[in-house]
Each structure stands twice: as structure tokens, then as C-alpha cells.
Amino acid sequence: MRSVSDDFPVSTVLGYPRIGPDRELKRALEAYWDGRAGRDHLERVGRQLRADTWQRLAELGLEGLPSNTFSFYDQVLDTAVLVDAVPDRYRECADPYFAMARGADGVAPLRMTKWFDTNYHYLVPEIGPKTRFRAVADKPLAELREARELGHETRPVLVGPVTFLRLAQAAPGSPDGFTPVDRLDDLLDVYVRLLSVLAGEGVGWVQLDEPILVTDGGSPAVRHAYRRLAGHPRRPKLLVASYFGDIADALPALAVTSVEAVALDLTHGVPEGVELLRGRTVVAGVVSGREVWRTDLDRARSLMAAAGATRVSSSCSLLHVPYSLRGEDILPGRLAFAEEKVAEIVALAELGPKATPVAAVTGAGSRRGSDTGVQERSAYAVRAAAQRDLNLPVLPVTTIGSFPQTAEVRAARQAFAAGRSSREEYESLIEREIGRAVALQERLGIDVLVHGEPERNDMVQYFAEHLDGFAVTRNGWVQSYGSRCTRPPILHGDVRRPAPITVRWATYAQSLTGRPVKGMLTGPVTIVAWSFVRADLPLRDVTMQVADAVREEVRDLEAAGIRVIQVDEPALRELLPLRKGDQDEYLAWAVAAYRRATGGAGDSTQIHTHLCYSNAAEVLAAIDALDADVTSIESARSGTGVPGFGRGLGPGVYDIHSPRIPGQAEITARLQRALRNIPAERLWVNPDCGLKTRTYEQVEEALTNVVAAAGAVRASTEDPGDR
Ligand code: GLN
Ligand code: ZN
């Protein structure tokens, strides 16, 4: 029996990396931004990358090639341009597109935030009651025609209307109660128009990406949107792509519409009610676009069978994995990057579905969190008493860890890694940098010092390089945003700490000063969040192994005489599950992992933690449950005020994300505001994040003001007449 949509290709991907196998796009963008190359050069590089991608996918035997998955910056930004949702303040800019992405003289860029639970960041569209939508189909049409000229028939990919509006924010000045989704019908008018333009070009299929389907509460808008879009006569066939989780109750909502095909992310199991999709094409996302492991083909085939699918795809765009294993020699036989995943998809399409007992197929099923299973610390009051001999003043001043990373240090690290310089040369340079940071902090009058982290390329990669169970790639870059890429380590086996990692540098710094130096560690949740992680163990178990390694490091720092230890968890919120119902379980084990990492510290050791945000209502209780003696958070940007913390708290008073130097009066005012929520004996004074992206000049000036402000406020709180 053939259904109307049997012409959907047997194998496809939902999207593909675009930064270039050697990060060609990154270099072209940066050359264009710096004025070293013209627009035509950038366009040429883009065209070449698209051509190479289609050709490579075709060579690998993939049948369904996507188009419009390329972007000069971000696909959500492209969608805003596609529907002409360009805020007025950018329209006069020389280059409105990059002005929205990066700002232009005097005009701030759009806000940027994480794309679901990935490490990719998108630009947040601003939609107001008066935003005038208009179909500007240039980009998808241009890519479609470009591919045709090269002999490829492609499937244009668009961010779907519901996801677009749900990810947007209300434009400044919108009335209370307005949300961008209120504009759904107006936006649908434009999508109808776009689809009819594409139909006019003879396009057979269009893919509409709706990852919002795997979050809570999207079903009514989805039902409405796809009834309208699919109900329109002049349009290509529609593939609605759901990914990053279980589609759950959005599945019946889609099933009442007449979209021809649905792509399901089956790496999260086969959704309940999948039989409601009978009669249409189910595209089985069985090759994970989020992991770097080879696919178990037997399991993938059973998932296909259980979902009634004969079409195979990646679970989401392959944007989130590196290009290929070429040039890598780690973990032979275990890994698959984008190209290798395409080969798996092609193989699976050929093999087809194969039924096996369902038990082997449904949900990986996460295990329950448990308590830490190891010795924990005493109550805060007991610890605070034991830490009194640190002799800190009220309103102690500290920093978050890193000091400026100079070009000299970076060059020295590269030379050492490439074997061009000796370990002694490298290490003596690091010691000199530490000496410089410590001397500066003493001169400025900082109370709790740091060594400055000059030996670290990155707060996760550095630990990955020193722990067993991790591998690092040569060229495994993944786009984070715009031209920025990260090279996540691969956590592939049992994590063990073969030797102390940071003790050498912390004790060196401590030897230079009589003031306490903080030992600096990255927390277990952040280490797993910013790595590709093995899939054969529940994430919580893997995180506990990392926690044990951190626990050993804490013990050794303590034994070496380090009295203050900071364990950073800036990624605590990043792993938060997309559905509310799953969040408590995650937070329970994330907190348990942190407490396992720090709980071995004696009462007289002061444990600090740092997170990069404070406006995270969902995780506030969890931050509190970390039970650190001192918590530093960002709030220079989001405004001070995290009430109800029973322990030390350092709301950032210097916004390090900007080159601007805050004045003493401004910092004093922030501290005074903070004192309304936090008693003086528990208030700390610090910047809102590490200083590594700033210059020494900026840091010296800013910290001078920070110390002076702390001194002024300290004097006023100590004045009994003031109480
Ligand atoms: N200790 C790290 C630093 O100072 C923390 C960085 C972060 O929070 N992302 O750089
Ligand atoms: Zn931070």
C-alpha cells in the first residue's frame, strides 16, 4: 500500500555543521568583521561550504539533502530576517544582520541564549504587537537554486512558526500580558505565503523545525498552526521535525493535522501513541545528533520497527557534533562524528526496520538519585566558627579565579603542546604569571587571593586533560555561537584522577603570600555538561565518578594547606531537563554530585562556589542546597538581590563582560543595596565572573574601585552609630 507521501527520501539529516571542516567560516567572518576582507570573500566562502556539504552528503549516499541549514550566524536570526521581524533600531545600520548579531556603534545586539539544552546559542527575536511580518524568501530560494545549479534537489529547512514565537521575547515597550505567541495568526499568514512561494519553485518537501514540541504546553498552538499551514492548498508537502526529547502530548496534536511527515527523536525512546501517525511518513531520528558514539544499528532498527518508520534520519541537526573523524586517532572504533553518522543513516536505510521485543527498545530510563553515599560536612554554623581563624574582615573582597590570559601565556602553552619548548620553560612562565597576579592582588588589598589560572586553556578541558577516562580531539570543533566554537572533551570511560592536578599551582601561589589563596576547581556537573559523555551509564553515575575525582583533589589541596577552595558550577542550570516533570530528579542528583565533590572538606576549610547567573528561579533552591560556605553569582547585570541565603553570598559588583570600568560610587551603591538582603557578616565583594577576557589595565582599575568601595561600606557598617 503506497501512501501519498511515499516519495520522502529513505535517508536524510535534519541539518549539518556549517562552520567548515577547518573552521573556514569562522575565519572568513572574523576577517570580514575586522575589515580584513570584503563581503564578497565572505559570500564566496559560504557558497563553497554549502557546495562541499551537499556534494559530500551525496557522495556518502544520502538521499534527502537539506538546504537553508547554512547560516552566517544563527538560524533563528535568519528566521527573523525571513519574516522581516527586524527591530527598527537595526534598520538604519550598515549591516542590519550582523548588527542584530553583534551590535553596531551605539546599538546593542539582540540577547543571546541557549538553544534548548544544547551548548549552541541563538539570538532572541523581539516581537511586539506592532511587528509587521512580511515574507522575505531570498535566503531559502537562493540556497535552493544554488543547489539545483549544482545538480541537487533539496528540502528547504525553516524554523517552525511555533518554535520561533515561543523562543522570542516581547519587544521593549509591549503592553503587559503580551507574549509573542499572541501574534501566531499573523505569522502564519507569512508562512503560508513562504510555502506558496516555495511551491511555485517546484519544491516537493519543506522541513519545519519544531523542537518546542518536546517542552511543556505547546500543543494547542501546534495544532492550530499546522491545521492552518497544512490546510492551505498551495504548498509543498510538510515534514514537521520534533527533536531534543519525547514529543509526548504534542503527538496527538500533530496527528489531527494533515502534515504529511513527522520526524521523531527516537533516541529518547518511542513515544506513546505513535500509531496515531499511521498513514503518514514517520522519519526515524535514530542516529543521535547530540552524542559522538557509534550507533548500535540493531537497536536503531528495532526503534524504527516500533515507530512504524521506514525513513531514517539524525535525531536533530548534526550541527552539535564535529565534522568528521579524519585526522583523529582517539578511541578507535567507538566514535562517529557528522560524516560517520551520515554513513550510519545510509546503512540503516538499506537495512530497514527489524522488530525485536519492545522491552529492549523503550526508554533508557534514568535511575533515581540517591544521597551522596559518603561523609558530609557539619552544619554551617559549626563550619563558620571553625573558619573564623581565617581572620577575614567583614565584606571580604575576592575574585572569581582567572586573571587576564595574556597573548604570551597562550603562545607559550601552544609552544609547549607542540613540543617547541620544554616543560621547565613553560612552567617557569606560569610561575611568573602567578607571581604577577598574586603581587597585584596584595598591592590592591584583596582579602582572599587566587592564583589566576594561567595554566588553563579552559576550565573543563584542563581537567579533562588531567583525568583518566577523557580523550581530547585534535579538530573536534562544534559551533557555540556565531564564529565561536568549542572543542568538547570526550568522556569515554571510568573517570579517575591519576595524580593531583591543581595542587602544585595553588601551593606555589600560597607560598608567595600570607593571605589565604583559594584553590580553584571545576565542579562535576559543569565538567559533564561541557563534554561529550559516554552513553552506557546514566549521566548521574558518570557525574558521581567525576565528583569523586574532584573530592580527591579537594582532599589534597586541603592537605597541602589550602584553606579556601572554590568549586565552580556555572553549568548547573544548563543540564536542566526541558520538561518540568523531569527537573526535580535532575536537580537532586546534581546537588548530590556537588556535595559529594565538596563534602570531604573539613569544617575549617571554606568552600566557595560560583555560578554565572542569579536570575534562575528554577535552580535557586538547588544552589542553596549545594551548601557551599560562600556562593558568588552574577548580578552586576541582573540587579542585586537573592534573598534568603543562609550562608555567605557574593553578588557580582563588577560586570566583567563589558570593558567598562565601574566607578567606586556605583559599586558602593550596589553593596548598600545588597545589604538590604544580606547581613554584613555574610556579604562578600567580588566581580561577577572570571577576569580572563579582560586586560590587566582594566582589571587593576576596576579592582581598585572594588576594594575602595568595600572599604567605605565596611567602615560605615562597623560604625556603631549606624546600627
Ligand atoms: N573560575 C573560572 C574563572 O574565573 C570561572 C569561570 C566561569 O564561571 N565560567 O574563569
Ligand atoms: Zn562565571
Side-chain angles (χ1 to χ4, degrees), residues 112-114 119 121 397-406 409-410 413 430 433-434 437-438 440-441 446 448-464 480-481 484 486 488 501-502 505-506 509 517-531 550 553-554 557 562 564-575 594 597-598 607-616 619 623 626 628 630-638 642 649-658 684-696 698-699 702-703 706:
M112 189 169 69
T113 193
K114 274 164 56 77
N119 286 323
H121 299 72
V397 180
T398 191
T399 62
I400 305 304
S402 57
F403 265 65
Q405 281 250 335
T406 59
V409 168
R410 268 193 228 114
R413 182 159 43 244
I430 295 295
E433 279 298 306
I434 292 175
V438 169
L440 176 62
Q441 295 170 83
I446 307 241
V448 175
L449 274 46
V450 295
H451 78 288
E453 305 179 20
E455 78 287 9
R456 302 185 191 176
N457 41 7
D458 170 277
M459 65 187 288
V460 168
Q461 176 127 7
Y462 179 72
F463 287 92
S480 171
Y481 64 90
R484 286 283 277 268
T486 62
I501 301 170
T502 63
W505 305 120
V517 171
K518 266 197 279 195
M520 295 304 270
L521 305 176
T522 303
V525 177
T526 299
I527 289 179
V528 301
W530 294 349
S531 302
V550 176
E553 189 73 11
V554 167
L557 281 169
I562 301 296
V564 184
I565 300 172
Q566 178 169 310
V567 181
D568 293 328
E569 275 306 12
L572 181 69
R573 184 184 175 200
E574 294 189 9
L575 289 184
Y594 185 89
T598 54
I607 296 289
H608 289 217
T609 191
H610 166 71
L611 306 106
C612 293
Y613 41 81
S614 61
N615 51 348
V619 297
I623 296 174
L626 298 179
V630 180
T631 302
S632 64
I633 51 174
E634 179 198 292
S635 68
R637 287 196 158 192
S638 38
V642 177
L649 188 69
V653 291
Y654 161 30
D655 176 5
I656 63 89
H657 305 89
S658 146
W684 281 68
V685 182
N686 46 259
D688 68 357
C689 200
L691 302 169
K692 98 175 155 195
T693 55
R694 300 268 62 95
T695 65
Y696 261 101
Q698 293 164 341
V699 162
L703 291 182
V706 169

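All ligand and atom numbering here is 1-based and tracks the order in the structure.
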Using a strict 4.0 Å cut-off to heavy atoms of [X], name the atoms of ligand 1 that fall inside it.
X	value
H610	8 (O)
C612	7 (C), 8 (O), 9 (N)
I400	1 (N), 4 (O)

### Geometric N/O contact P570 with ligand 1, under 3.5 angstrom
no
### W530-ligand 1 polar pair, N/O distance under 3.5 Å
no
So how far is it from [X] [atom1] to [Y] [atom2], rounded to the nearest 0.5 Å?
X	Y	atom1	atom2	value
H451	W505	NE2	CH2	8.5 Å
I607	L521	CD1	CG	8.5 Å
T631	H610	OG1	NE2	11.0 Å
I400	H608	CD1	NE2	9.5 Å
M520	Y462	CE	OH	12.5 Å
S402	M459	OG	CE	9.0 Å

### Query
Which part of M459 is near ligand 1, with near meaning a heavy atom under 4.0 Å away: side chain, backbone, both or neither?
side chain
Under a 3.5 Å cutoff, is there a donor and acceptor pairing between the side chains of [X] and [Y]?
X	Y	value
K692	Q405	no
T526	E569	yes
T502	E553	yes

#### Entry: Pick from G401, G690, C689, P687: the one approaching atom 7 (C) of ligand 1 most closely through a non-hydrogen atom
C689
### Query
Is there side-chain contact between N686 and T399, with at least one heavy-atom pair below 4.5 Å?
no
### Side-chain ion pair, E574 and K114, N-O less than 4.0 Å
yes
### Task
Mark the output for E453 as yes if a heavy-atom distance to ligand 1 is under 4.0 Å, and as no if none is.
yes
### Query
So which protein heavy atom does atom 5 (C) of ligand 1 come closest to, and at what separation?
D568 OD2, 3.4 Å
### Message
Can you report which non-hydrogen protein atom sits closest to atom 4 (O) of ligand 1, along with the distance?
### Response
S402 N, 2.9 Å
### Summary
Any protein N, O or S atom under 2.8 Å from the Zn ion (ligand 2)? Found H610 NE2, C612 SG, C689 SG
